[in-house]
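Beneath this line is the structure, given in structure tokens, with notes to follow.
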Amino acid sequence: MPFVPHTESDISTMLSRVGVAALGELFDEIPAGLRIKGLEGIGPALSEAEITQLMQMRARHDGEPLCFIGAGAYDHYVPAAVWDIATRGEFYSAYTPYQAEASQGTLQVIYEFQTMLASLTGLEVSNASLYDGATAFAEACLMAVRANRKNRSRNILVPRTLSPAYREVARVMLKGQRIELVELPMRDGISDLKTLDNLSAGDFAAVAIQNPNFLGSLDHVDVLTDWAHSGGALVIGVANPMALALLKPPGQWGAAGADIACGEGQPMGIPMSSGGPYFGFLVCRQAVIRQMPGRIVGRTVDLEGKPGFTLTLQAREQHIRRSRATSNICTNQGLVATAATIYMSLLGAPGLRSVATSCNANTSALVEALIALPGVTRSFAAPFFHEAVLAFDRPVAGVLDALSSNGILGGYDLSADYPELGNALLVCATEMRSAADISAYADTAREILGAAA
Amino acid sequence: MPFVPHTESDISTMLSRVGVAALGELFDEIPAGLRIKGLEGIGPALSEAEITQLMQMRARHDGEPLCFIGAGAYDHYVPAAVWDIATRGEFYSAYTPYQAEASQGTLQVIYEFQTMLASLTGLEVSNASLYDGATAFAEACLMAVRANRKNRSRNILVPRTLSPAYREVARVMLKGQRIELVELPMRDGISDLKTLDNLSAGDFAAVAIQNPNFLGSLDHVDVLTDWAHSGGALVIGVANPMALALLKPPGQWGAAGADIACGEGQPMGIPMSSGGPYFGFLVCRQAVIRQMPGRIVGRTVDLEGKPGFTLTLQAREQHIRRSRATSNICTNQGLVATAATIYMSLLGAPGLRSVATSCNANTSALVEALIALPGVTRSFAAPFFHEAVLAFDRPVAGVLDALSSNGILGGYDLSADYPELGNALLVCATEMRSAADISAYADTAREILGAAA
Amino acid sequence: MTEPLIFEYSSASRQGFVADSDARPNLLAEVLRTDELMLPSASELEVVRHYTRLSQQNFSIDTQFYPLGSCTMKYNPRVCNRLAMLPQFLGRHPLGPVEHGQGYLQTMFELQEMLQVATGMAAVSLTPMAGAQGEFAGVAMIRAYHESRGDEARNQIIVPDAAHGTNPATATMCGCEVVEIPTREDGDLDIDRLRAVAGSNTAGIMLTNPSTLGLFERQIEEIAAIIHAAGGLLYYDGANLNAILGKTLPGDMGFDVIHMNLHKTFSTPHGGGGPGSGAVGVTERLKPFLPVPFVQKVDGRYTWATEEQYPQSIGRLSAFMGNAGVLLRAYVYMRMLGRTGMERVSDFAVLNANYLMVCLREAGFEVAFPERRASHEFIVSLKQIARETGVTAMDFAKALLDYGFHAPTTYFPLLVPECLLIEPTESESRRSLDGFVAAMAKIRDAAYSDPDTVKQAPLTMPVRRLDDVHAAKQPDLVWQSAESGQRKG
Amino acid sequence: MTEPLIFEYSSASRQGFVADSDARPNLLAEVLRTDELMLPSASELEVVRHYTRLSQQNFSIDTQFYPLGSCTMKYNPRVCNRLAMLPQFLGRHPLGPVEHGQGYLQTMFELQEMLQVATGMAAVSLTPMAGAQGEFAGVAMIRAYHESRGDEARNQIIVPDAAHGTNPATATMCGCEVVEIPTREDGDLDIDRLRAVAGSNTAGIMLTNPSTLGLFERQIEEIAAIIHAAGGLLYYDGANLNAILGKTLPGDMGFDVIHMNLHKTFSTPHGGGGPGSGAVGVTERLKPFLPVPFVQKVDGRYTWATEEQYPQSIGRLSAFMGNAGVLLRAYVYMRMLGRTGMERVSDFAVLNANYLMVCLREAGFEVAFPERRASHEFIVSLKQIARETGVTAMDFAKALLDYGFHAPTTYFPLLVPECLLIEPTESESRRSLDGFVAAMAKIRDAAYSDPDTVKQAPLTMPVRRLDDVHAAKQPDLVWQSAESGQRKG
Ligand SMILES: Cc1ncc(COP(=O)(O)O)c(C=O)c1O
Ligand SMILES: Cc1ncc(COP(=O)(O)O)c(C=O)c1O
């Protein structure tokens with residue numbers, strides 16, 4: 001019996017100890033009318049060898065195309081040690097560290113994780129992870145509304161250049177609490193500062209700023225931060241941790257720095273894996289910690305005075321505060337955060353900087369190679385980190401299809417999210433894309449564009 | 001610096017503590033004339049990402065053809081847990097358990113391994129592994145010569161049906177000690193009993209018997225064992241542990257059983273991996289244990305009387321007995337034996353029996369399918385376990401080449417090792433080969449045979 | 001031996017993983033960071049050694065019996081991890097074209113279908129990333145349903161007092177008001193109270209059945225009738241699905257929407273706190289509101305269902321499609337179980353719980369609901385022992401660690417004093433259960449003979465009992481190097 | 001907590017891994033086994049839990065500093081394992097056609113070439129499966145060489161008294177007589193004695209340089225001249241190659257044949273006792289005798305060299321081509337080091353050893369050869385401490401375990417009393433080394449203040465000190481179930 005260890009003799013001993021004649025009797029409190037005969041419609045069991053063959057076949061079928069898509073998930077190299085260690089049984093098959101003394105491994109890892117995230121974002125305190133970047137952004141908005149005691153606004157100002165998926169998830173998650181996202185228009189791929197003149201920061205609980213933004217560009221983080229603070233709005237910085245190896249962190253934006261930083265942790269050693277599991281991070285100033293959702297690990301002492309780690313500030317959480325909790329989140333993305341902690345430890349600051357720099361250089365090279373093709377231009381002049389928008393002289397979808405049949409994923413088609421940009425394509429070349437890969441893209445694109453012209 | 005943790009400041013602190021000005025001075029005892037400038041001819045370092053891409057490319061290039069070759073290495077399914085656990089750092093990166101108290105993990109595993117091998121072979125005591133099946137056979141021959149006090153013979157009688165590779169390795173390893181292998185002829189794919197009449201068992205230190213033999217057939221193990229013992233020769237049983245799930249073990253051959261059993265452990269959860277690392281096993285009667293080569297683990301007690309495990313009977317080994325040791329073996333195949341122990345634990349006796357039975361059934365089905373083709377017949381009538389010899393009406397090499405270009409490895413061409421068998425092919429279908437795989441082989445072979453006819 | 005923090009291994013300018021280039025980025029100095037990034041600078045060996053050693057400081061299913069009630073700590077087959085980590089699955093970009101994802105999409109589609117069968121629901125969306133997010137999706141769908149009918153006043157969510165904290169917290173997140181219903185002496189819901197509160201403000205009720213008391217709610221049909229009659233909907237918290245898999249269907253009980261914790265019933269790993277998956281299932285009438293994306297099959301081709309196709313959908317709950325890799329693991333597990341394997345899950349989860357309950361009762365422990373059949377878990381109350389010896393449920397929990405067992409859930413559900421909620425799961429052998437009973441009996445004996453020693457436990461863990469009050473009063477949440485001065489954390 | 005034997009988990013008729021079929025084999029009853037096969041019958045969870053727990057009872061590089069002299073316990077990069085376990089490599093049948101193995105064969109060919117460069121040899125065969133088998137190959141080649149010249153009388157192999165046990169044992173296996181040469185006070189070979197024994201019976205000499213004393217043999221050129229003049233050949237035991245990589249070449253020193261322990265210098269894992277690889281290299285004149293198979297490149301295609309092509313080859317040493325998977329790991333490691341990385345290996349292995357030696361000497365320990373430069377390892381003698389306190393090298397070894405350090409090699413080489421042979425390797429940080437020195441000093445202090453406590457060590461391991469005498473006198477080598485009666489083991 002798969003994954004059930006009972007022998008016939010175990011079963012009969014146990015049944016008689018319980019005082020029933022058959023397994024079925026154990027379910028005698030279920031009203032007879034609700035009992036079913038079993039799970040018709042579920043197929044027979046596969047052996048481990050059979051399921052292995054099946055999944056290998058499906059995986060092979062999906063192939064390993066050359067990826068130039070970014071748009072929120074990035075193809076970075078993950079050192080072998082990261083998941084070798086993260087999937088050790090003791091990390092992999094443990095529960096949330098409620099019994100601290102028997103969970104020092106997980107707890108210390110998360111304390112280290114919190115420290116790394118605080119340093120990356122330039123802020124003071126971090127939680128132990130949220131589901132993903134999009135939900136972390138939504139939680140940051142909820143947190144800001146609770147934390148902003150100066151104004152009682154339920155509006156958040158959000159740039160149009162912020163990830164469409166994040167804006168959509170936030171809309172869904174804020175709707176019940178009647179919190180609104182107000183859009184800050186864009187111009188040339190970044191926030192249109194002129195439009196601020198018609199707005200008052202005091203009307204917003206918080207202003208969100210993504211840098212680099214969804215279109216890859218670096219935004220006016222200092223101006224926007226100072227404008228927000230001037231009116232008493234909090235600032236939520238949305239960042240890519242890989243970019244933070246190079247860029248000024250949210251905690252240092254403007255005169256006072258952002259109050260909350262959040263984002264998608266995937267670039268820190270997490271495979272793209274069709275979109276998950278990733279992890280969201282949420283970091284803030286000490287002052288607003290009691291509004292932080294999710295678990296937090298603290299260092300304390302044991303009864304002999306020896307340092308040790310434990311879950312702390314749990315009074316914010318649903319299992320204590322119930323309906324008045326800061327969030328309903330319970331299970332988070334612990335294992336993924338563990339992997340990220342190992343990744344960041346292996347690379348260290350110089351390693352991370354070097355990967356980030358390669359991404360920047362490779363995307364620059366890719367952009368150069370593609371705008372050399374007829375009918376392709378850069379959409380914006382703003383500096384970018386590792387993604388950029390290209391304008392095509394024809395619909396992008398057809399070009400992407402043709403590239404895809406050549407085993408190349410050419411980027412993310414922006415036409416649905418940003419119809420105002422025309423035939424616009426968001427491209428990305430991480431440190432994994434070699435010069436040969438970039439040439440392969442350019443050469444194939446040249447043929448496609450030529451052939452169809 | 002890959003795998004060297006020293007910082008600049010470490011280096012200067014350490015150099016000055018040692019009292020030298022530069023790293024080069026540390027090598028000042030090497031005569032100047034022998035110093036070299038460095039390793040010209042070794043290329044520049046590859047990053048982890050680069051070597052990963054390179055090796056993935058080479059692996060992909062080799063592909064994953066459908067394998068019907070056996071001949072000493074078998075394509076069995078290996079449950080995921082086996083190597084996940086065996087490659088845990090604590091097993092993977094430990095040394096030989098010389099400090100027993102800090103190596104109870106490895107030691108207990110090997111004690112369990114020894115127990116399993118003893119049970120599989122029906123003998124009393126096992127060592128902790130040898131390099132592979134071929135060297136285990138050679139060591140068994142050496143051991144038999146040392147152990148046989150009745151006659152002082154330096155000859156071993158070895159059937160022609162015993163693996164040619166094993167015979168060759170034994171020849172190489174026995175040569176220096178002037179021990180000879182004498183060939184017992186074969187008939188119909190098994191030992192020719194008639195030829196025993198012209199031989200005297202007393203002329204041999206031992207008689208080797210492989211069952212199933214290299215050609216897949218079951219041999220006259222009882223008759224041969226009794227004949228050997230009748231003349232005072234010892235019996236060395238060479239066995240496939242997968243077959244032992246079903247077949248009478250060496251310890252029960254004939255009236256008294258074999259004295260020594262050895263063989264290749266690969267079928268017990270070890271991937272084919274181009275031929276290694278595998279492990280050789282060597283099991284014997286208690287009476288001859290002092291002639292056993294290699295490490296042995298024993299159970300003992302600690303100073304509080306608690307059971308624990310340690311290397312024992314080390315006086316046989318080279319690090320104690322030096323030139324009078326039973327063998328020069330030091331490093332063995334510990335990790336592979338660990339994986340095999342986990343494999344055998346996961347499958348248990350019923351699991352092993354079921355895999356063995358599938359192999360037997362699949363090979364039967366394969367033989368049926370192939371002898372249905374024109375120009376293909378069975379070479380022998382003897383019962384087989386999971387390999388069989390087929391005779392073709394044309395040279396096998398061409399057929400194999402054509403199959404190979406269709407992604408099928410059709411078997412092992414016997415014409416070099418056994419020219420007397422004509423166009424003979426040794427085939428094998430393990431539990432991994434589905435009915436569809438077998439049909440694919442037969443269909444492709446039919447086309448090839450038809451096209452070339 | 002205490003393991004230092006990874007930062008304490010640091011020496012300047014060193015790193016484990018050797019990156020490719022030392023180039024400078026093509027960016028203006030003004031956008032670059034100028035402060036020192038405080039990441040460890042340890043060698044690869046130090047990193048591997050540090051985290052390997054830390055891992056050894058954890059209890060886990062792979063090393064200990066872990067009977068944590070409500071958490072379903074069953075064996076996580078290694079092959080599920082292996083197959084979810086096939087390079088093509090790991091390398092697939094979430095926005096990659098469906099042409100390069102038919103293998104993956106087919107798998108997700110089949111998972112949706114299997115979960116429908118297992119729960120009696122008409123449709124499933126796999127996107128929620130844990131139970132609590134599944135609850136969010138469910139309550140949001142209930143609200144969207146009422147709104148779609150112009151029934152906006154319905155903003156009350158009814159929850160039993162035994163409910164898991166995520167239930168009321170979710171209701172609040174969705175902007176609802178929480179109405180709590182007490183539990184009767186016999187462990188079932190106070191149905192009179194339910195009748196009294198159900199009405200025109202009722203959006204719905206959130207229930208788990210069996211409840212967190214480890215009891216099957218016998219009045220479920222009546223409850224469903226009351227809520228439906230009042231115009232509300234029923235939400236099923238599927239955290240306890242392990243108890244009924246293949247025996248009864250939430251759909252048949254009258255539930256309209258359900259989440260499943262795939263990291264419980266379908267054995268995806270808990271990973272020291274996550275990731276999980278809280279797939280949601282709905283009956284026909286809630287289908288239009290399901291969160292996108294999910295997978296549909298059109299002319300033999302698998303594609304994503306979008307908001308354009310489902311304009312009433314509550315929308316997206318994650319940037320892509322939830323915890324895809326977790327879903328792969330659940331799929332592999334379910335295929336390996338097959339129909340009979342799934343039916344056996346509840347057989348043996350419930351057998352183990354009842355056996356353990358009987359053994360503990362016979363060993364003299366007080367079981368919270370002795371007249372009732374245990375489901376996959378049950379409650380022991382240590383009230384009397386605590387009164388007589390001062391040794392509490394928490395002390396028992398800590399003492400169990402020294403016996404090599406993870407503690408059961410303590411002090412939840414809140415209504416049973418000094419309680420242990422014990423869930424053995426089907427993957428534990430009788431040997432484990434018997435060992436646990438023996439340890440409990442020894443601790444109880446020690447509580448009477450030498451209570452102070454029990455209160456000292458644990459003695460064999462890397463640390464002694466930790467000071468939680470100190471942790472909360474002087475939060476130290478982020479490490480500060482000695483040089484960087486005063487802690488701020 | 002003691003971990004039971006896997007057999008003790010057993011219940012009849014249960015197994016972890018579910019196999020496909022229950023069919024009966026197509027074989028006559030008379031050939032089938034009738035006894036009960038004593039394999040465990042544990043569930044998959046029990047098996048995983050048992051072996052995971054056992055693993056935690058090991059010291060290893062991944063968890064502890066492991067300065068075991070002569071064993072080169074350096075970091076084993078995880079990526080080497082990962083890449084050696086790519087599915088196509090694992091699935092390749094050793095007798096598969098070269099068309100389906102060009103990737104693998106090219107890798108082996110390049111490995112042969114890199115090893116030639118690293119040692120100054122003309123050709124390499126990768127087939128030996130560990131150092132000792134490499135030695136066997138080497139001595140067999142020496143014998144074959146003499147035989148090929150009709151020089152059959154040469155059957156003596158000279159070895160220094162400091163040699164590793166495998167050297168004399170190998171000579172015996174090859175049918176040679178062993179002639180032992182003493183070491184001088186200064187740690188170099190007694191060259192007068194060498195001159196006296198070298199002659200017409202000399203087949204060759206086996207040397208490791210640096211020697212097992214951790215000293216570079218300064219007279220190596222003279223030794224080579226003596227042996228060659230006598231008509232013998234020089235065998236280099238490459239176990240200590242880590243000390244000289246990129247600094248000097250065995251080929252230049254005058255060696256004719258060499259083995260390399262890839263599981264030392266090139267970081268393939270020791271695996272708790274193996275597998276290793278003992279690749280052999282030879283100069284031109286021994287090339288015809290190299291063991292087959294090895295890889296050759298012909299017209300851009302990689303193929304196996306066979307005995308037909310090399311009729312003078314000593315032949316095969318394994319059923320296929322040695323420990324292929326180990327070789328893949330060594331290849332990956334070498335490519336990641338590259339030229340400068342390889343040169344740094346010896347730089348830092350030797351720096352670490354000299355630093356540690358100096359620190360221990362300054363802490364008051366007696367170093368065996370204080371006038372000499374340490375190579376990658378060095379010897380501390382505890383003779384005086386043992387005399388004064390009764391605390392021996394063995395006691396130090398056990399006490400170190402309690403400090404979280406694996407012990408150095410004890411009582412080898414045999415000529416230094418109460419010795420510890422200490423080899424830190426290049427992958428350890430100064431932090432590790434300093435910690436080791438501190439622990440040694442504390443143990444020494446304890447030896448003087450409280451020797452009995454030191455002799456009780458270890459106290460923190462799963463077992464206390466084990467009774468080796470009992471183990472050897474009443475060998476218990478195989479578990480017997482209680483029912484199956486008396487032990488036979
Ligand atoms: C009864 C119950 N409901 C809901 C949840 C929440 O699930 P998750 O932790 O996956 O968000 C849990 C988890 O512990 C639970 O036990
Ligand atoms: C000096 C020396 N020579 C030879 C060997 C034998 O190598 P192996 O254990 O790989 O057979 C060793 C291994 O310990 C050694 O240290």
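Remember, it's a predicted structure, so these values are computed and weren't measured experimentally. Letters A, B, ... mirror the listed sequences (proteins, then strands); counts begin at 1.
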Do D:E99 side-chain atoms and B:S404 backbone N/O form a donor-acceptor pair below 3.5 Å?
-> no
Once you round to the nearest 0.5 Å, how far does CZ of B:R88 lie from CG of D:D62?
-> 10.5 Å
Ranked by heavy-atom pairs below 4.5 Å to chain B, first place among D:A118, D:C176, D:C71 goes to D:C71
Side chain, backbone, both or neither: which part of D:Y104 has an atom under 4.5 Å from a heavy atom of chain B?
-> both
Taking all atoms of both residues into account, what is the closest heavy-atom pair of B:G38 and D:E343, and its distance?
-> CA-OE2, 3.2 Å
Can you say whether D:A472 sits under 4.5 Å from chain B via the side chain, the backbone, both, or neither, judging by heavy atoms?
-> both
Closest-packed option against chain B by number of heavy-atom pairs under 4.5 Å, given D:E135, D:Q133, D:E36, D:H263 = D:Q133
Mark yes or no for whether D:S41, through its side chain, and B:G348, through its backbone, hold a donor-acceptor pair below 3.5 Å.
-> no
When you look at D:D35 and B:Q252, which way does the side chain to side chain donor-acceptor pair (under 3.5 Å) test go after all the steps?
-> CA-CA 10 Å; D:D35 61 335; B:Q252 292 170 22; 3.0 Å; yes
Drop me the distance from B:N328's CG to D:F136's CZ, to the nearest 0.5 angstrom.
-> 7.5 Å
Structural part of D:L28 lying under 4.5 Å from a heavy atom of chain B = neither
Nearest 0.5 Å, what's the CG-CG distance between B:N360 and D:N26?
-> 5.5 Å
Can you check whether D:P168's main-chain N or O pairs, donor with acceptor, with B:S323's side chain at less than 3.5 Å?
-> no
B:Q314 and D:D468 side chains, donor-acceptor separation under 3.5 Å = no
Of the backbone (N, CA, C, O) and the side chain (C-beta and beyond), which part of D:Y66 lies under 4.5 Å from a heavy atom of chain B, both, or neither?
-> side chain
Heavy-atom proximity to chain B below 4.5 Å, by part of D:M334 = neither
Quick one: what part of D:L86 sits under 4.5 Å from any heavy atom of chain B, side chain, backbone, both or neither?
-> side chain
Minimum-distance pair of heavy atoms, taken over all atoms of D:R339 and B:I42 | CB-O, 3.3 Å
Check each atom of D:H164 against the heavy atoms of chain B and say whether the ones under 4.5 Å are side chain, backbone, both or neither.
-> both
Top of D:M321, D:K247, D:H50, D:M129 for chain B proximity - count of heavy-atom pairs under 4.5 angstrom | D:K247
Which heavy-atom pair separates B:A325 from D:A169 by the least distance, and what is that distance?
-> CB-CB, 4.4 Å
When heavy-atom pairs shorter than 4.5 Å are enumerated against chain B, which of D:L337, D:L83, D:T170 gives the highest number?
-> D:L83
With distance as the sole test, does D:R33 use its side chain to make a donor-acceptor pair with the main-chain N or O of B:L244 at under 3.5 Å?
-> yes
Which region of B:I329, side chain (C-beta onward) or backbone (N, CA, C, O), has a non-hydrogen atom less than 4.5 Å from a non-hydrogen atom of chain D, or is it both or neither?
-> backbone
May I ask you to decide if D:Q102's main-chain N or O and B:D62's side chain share a donor-acceptor pair within less than 3.5 Å?
-> yes
Under 4.5 Å heavy-atom distance to chain B, tell me which part of D:T107 shows up: side chain, backbone, both or neither.
-> both
Would you find a donor on one side and an acceptor on the other, under 3.5 Å apart, between the side chain of B:D302 and the backbone of D:L466?
-> no
Structural part of D:T340 lying under 4.5 Å from a heavy atom of chain B | neither
Which answer fits D:L317, side chain, backbone, both or neither, if we ask what part of it has an atom under 4.5 Å from a heavy atom of chain B?
-> both
With only heavy atoms counted, which part of D:R143 is less than 4.5 Å from chain B, the side chain, the backbone, both or neither?
-> side chain
Tell me, out of D:I220, D:T248, D:V358, D:L245, who's got the most heavy-atom pairs with chain B below 4.5 Å.
-> D:T248
Name the member of B:T87, B:I110, B:T310, B:L400 that forms the most heavy-atom pairs with chain D at distances under 4.5 Å.
-> B:T87
Just by distance, do the side chain of B:K306 and the backbone of D:P462 share a donor-acceptor pair under 3.5 Å?
-> yes
Drop me the distance from D:L5's CG to B:Y111's OH, to the nearest 0.5 angstrom.
-> 6.0 Å
Under 4.5 Å heavy-atom distance to chain B, tell me which part of D:V178 shows up: side chain, backbone, both or neither.
-> side chain
Whether B:E90 side chain and D:Q56 backbone form a donor-acceptor pair below 3.5 Å = no
Ignoring hydrogens and geometry, is there a side-chain-to-backbone donor-acceptor pair from B:D132 to D:S318 under 3.5 Å?
-> no
Is a side-chain donor or acceptor of B:Q114 paired with a backbone partner of D:L477 at a separation under 3.5 angstrom?
-> yes
Heavy-atom distance under 4.5 Å to chain B: side chain of D:R372, backbone, both or neither?
-> both
Between CG of B:L54 and CZ of D:R335, what distance do you get to the nearest 0.5 Å?
-> 6.0 Å
Closest contact, heavy atoms only, D:P97 versus B:L409 | CD-CD2, 3.5 Å
Heavy-atom contact with chain D under 4.5 Å, split by part of B:R321 | neither
Contact part of D:T409 toward chain B, heavy-atom cut-off under 4.5 Å: side chain, backbone, both or neither?
-> neither
State the CG-CG distance between B:L23 and D:D347, to the nearest 0.5 angstrom.
-> 4.5 Å
